[in-house]
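Okay, structure first, notes after.
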Number of protein chains: 2
Amino acid sequence: MPVTLKEIAAVAGVAPNTVSTILNGKKNWTSEETRKRVIEAANRLGYKPNRLARGLRLGKYLTMGLIVPDLLNPYYALFARSLEKVLDANGYDLLIEDSEASLAREQLCLSRISEHQIDGLVCSLMDPQGCSPKLKSLVENGRPVVCIGRVPAELNVDVFRSDFSQGISEAILHLKELGHLKIAFVSGLPEGQSEDGQRFRFFRTMVLDSGLSFTEKLYIRCGHSMAHAREAFTKYWKSTPDTERPTAVIALNDLLAIGVMRSCLDLGLHIPQDVSIIGIDNTEIADNLPTRLTSIAQSYEEMAAAAAHRLIARCRNSITQGQTDEVIMPTRLIIRESTGRVCKHTHEPQIASL
Amino acid sequence: MPVTLKEIAAVAGVAPNTVSTILNGKKNWTSEETRKRVIEAANRLGYKPNRLARGLRLGKYLTMGLIVPDLLNPYYALFARSLEKVLDANGYDLLIEDSEASLAREQLCLSRISEHQIDGLVCSLMDPQGCSPKLKSLVENGRPVVCIGRVPAELNVDVFRSDFSQGISEAILHLKELGHLKIAFVSGLPEGQSEDGQRFRFFRTMVLDSGLSFTEKLYIRCGHSMAHAREAFTKYWKSTPDTERPTAVIALNDLLAIGVMRSCLDLGLHIPQDVSIIGIDNTEIADNLPTRLTSIAQSYEEMAAAAAHRLIARCRNSITQGQTDEVIMPTRLIIRESTGRVCKHTHEPQIASL
DNA sequence: CTGAAAGCGCTAACAT
DNA sequence: ATGTTAGCGCTTTCAG
């Protein structure tokens, strides 16, 4: 039985609403004397406001929602933390949902989020359209929504995303300068989805643009964990003839890159002498691995902060409803030890192409 | 403006409570005809129940709380996921709070959790007493609480924890068999706390029990991230004379172990030839590092599942209130590549001690 | 089998 | 300057 306003009112000998105005610091001029008495009583009884009741009354829950595909990925965990920091400072709480990279669970998360009457939502969705009926109805009900990464089709929401074209083209240029001719891409695909992701599409475009060749064989698909990447890469390597094997790999994220790195070592390959590896996200571990991982950095902390501010502004109605933005953050390549010059004898006429 | 029961009732031509009973599958015998009409209307309008209103009415929010010290630690992220899986299956939602290993934030998390009227709480607290007034008042208000890891002083709650004595003694025995005489412990301490943790106390006891020596110099304290551990270890190594340096290190968790590993490589030390390293938690990355990390495994998934079941049972009042349990899970050493025989020439009379 | 009414805790309007 | 009242959306008696 938690303490209610009414109980405090009884103890302090005032009406419930008086307690409410005092505790919420409303400017209604209350006498200093009753004010003290009320606050003292509230503290003594250990009063905690009931957010459900307040949310119901106000139509505002002072809570935002966040949906991410994988909390085990430190990138998203850090994103959540950065988001929370800003929300916190503005009196908002954060409800985190992990869709576990499954389209089905994603729908479930959306349902739960809307049941919770959250004031606004930040979401990084796997859904290629990014526009399920559930998300749509949230938006249509007037809930501010900010999408991260993917641009939802035909939906009037703010979008914050990284421009990977820059980071990826730097990565490919870097590899090309080191003499790599065949670069593979390792991608974690969400359960139940087969569509190519944005990062991969950039990758393919940039590879072709830089004059290198790309074949479907250089696109390695797997699940979204380190173990998935490791197994997929090992299987791939063993089943691919030497002439078709890549000398460099770019992975969808650092986690998958670590899996590939482990796989290479299992196969007796040296990094970067035999295979160069590049991750994406530049998470803390990239710089702490025994072989430091070259990675494409996104400025996710800035992105999280910007998303939070936008969401708060929308909730306070200080932004015109109809007008939405797409904010694009830069990415850049952080070169470390997992990339190096091609050392291995290749079957390609390498000299001719230099 | 989300859809309410009343609106559905209006559309279906019935009373709001009829809709409620039908949608909640209560056994009140409603005619099959109105039932269909109501369900159809609810679906068509995209009805989502308002959890705030329901929670307020029922006094049950169907939501549990979780407080962890660091969501960036994959151990806790996975714990959260395992917990959620069980709660999900039982209709409960999970509200995750990250105390960021700060005692001050921990209090804040407790406040927020209780404001949210959660039905029950799972918490892994840094607070050495584990018994702040806030936690106490939650328990006294009849909220079921399960503590993970630490046993709160004088508080009647269920506790689930790992018995590290086994894992740590296996680790020390393992190191001793490999010829190590000086073993250091690297510990991440929460902001604003200086008390020795349980894991360290076990470590010290086991070291002494096994006949090795332990000096305060072998206790390295740092923050709770990889970077903290790396910097602390580098500084430690450089400021410690060769004769006092350890040949093996046990870290509070895998993350810190990775930081130490990185530091060793920075210092030009080889693993395990110069320094052996053991982590705790056996997270996925331990098995995927270029130098696989020997680590002490906890069965956290079982622990999370057990904690969830206990909490649910308590919420359903199927357990006598007064009676609490302390459940202890085993730990065990997983030996990988980061530990090996002492190769370095030591200044100790090593032969004599063999 | 279905409707009407009350109330969970809180806050905004209105009254005193 | 404080008290009274009503109602947010939902569910649970109790009547019809």
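What's counted below: heavy atoms across the whole structure, side chains too, no hydrogens, waters or symmetry copies. Naming: A, B, ... by sequence-line order, numbering from 1 per chain.
- A search for side-chain contact (heavy atoms from CB on, under 4.5 Å) contacts involving A:V139 returns A:V145, A:L155, A:V157, not counting sequence neighbours.
- What separates CD1 of B:I22 from P of D:dT11 is a distance of 13 Å, to the nearest Å.
- Taking five base pairs at each end of the helix from C:dC1-D:dG16 to C:dT16-D:dA1 and finding the rotation axis that steps the C1' atoms of four pairs onto the next four gives two axes whose angle is 50°, to the nearest 10°.
- Remark: A:A15 pairs with A:N17, A:T18 by the side-chain contact (heavy atoms from CB on, under 4.5 Å) rule, at least two apart or across chains.
- Rounded to an integer number of Å, the gap from B:H116 NE2 to C:dC8 P is 22 Å.
- The NZ atom of B:K36 sits 16 Å away from the P atom of C:dC1 (whole-angstrom rounding).
- Rounded to the nearest 0.5 Å, atoms CZ (A:R310) and SG (A:C315) are 12.0 Å apart.
- Residues passing the salt bridge (charged side-chain N to carboxylate O under 4.0 Å, His left out) test with B:R44, sequence neighbours excluded: B:E40.
- In this model, the phosphate group of D:dA1 is not approached by any side-chain N or O of A:T34 to a distance below 4.0 Å at OP1 or OP2.
- For A:N141, the side-chain contact (heavy atoms from CB on, under 4.5 Å) partners two or more places apart in sequence, or in a different chain, are B:P2.
- If you take CG of B:L23 and C1' of C:dT2, they are 16 Å apart, rounded to a whole angstrom.
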Between the protein and nucleotides 9-12 of chain C, which nitrogen or oxygen pairs are less than 3.5 angstrom apart?
from: C:dG9; atom 1: N2; to: A:A53; atom 2: O; distance (Å): 3.2
from: C:dC10; atom 1: OP1; to: A:Y47; atom 2: OH; distance (Å): 2.6
from: C:dC10; atom 1: OP1; to: A:N50; atom 2: N; distance (Å): 3.3
from: C:dC10; atom 1: OP2; to: A:L5; atom 2: N; distance (Å): 2.6
from: C:dT11; atom 1: OP1; to: A:N24; atom 2: ND2; distance (Å): 3.0
from: C:dT11; atom 1: OP1; to: A:R54; atom 2: NE; distance (Å): 3.2
from: C:dT11; atom 1: OP2; to: A:S20; atom 2: OG; distance (Å): 2.8
from: C:dT11; atom 1: O2; to: A:R57; atom 2: NH1; distance (Å): 2.3

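- Remark: B:E106 engages no residue in a salt bridge (charged side-chain N to carboxylate O under 4.0 Å, His left out) (not counting sequence neighbours).
- Look at CD on A:E33: it is 13 Å from C1' on D:dT2, rounded to the nearest Å.
- Residues B:D88 and A:R112 have side chains in contact (heavy-atom distance under 4.5 Å, counting atoms from C-beta outward).
- Taking the side-chain contact (heavy atoms from CB on, under 4.5 Å) definition, one finds that B:E32 meets it with B:R35, B:K36, sequence neighbours left out.
- For B:T18, a side-chain nitrogen or oxygen approaches OP1 or OP2 of C:dG3 to under 4.0 Å.
- For A:H116, the ring-ring contact (aromatic ring centres under 6.0 Å, His included) partners at least two apart in sequence or on another chain are B:Y61.
- Looking at residues two or more places apart in sequence or on another chain, you find no ring-ring contact (aromatic ring centres under 6.0 Å, His included) involving A:Y47.
- Scanning for salt bridge (charged side-chain N to carboxylate O under 4.0 Å, His left out) contacts around B:E326 gives B:R161, with sequence neighbours left out.
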Write down the protein N/O and nucleotide N/O pairs, taken from nucleotides 14-16 of chain D, whose separation is under 3.5 Å; answer none if there are no such pairs.
none

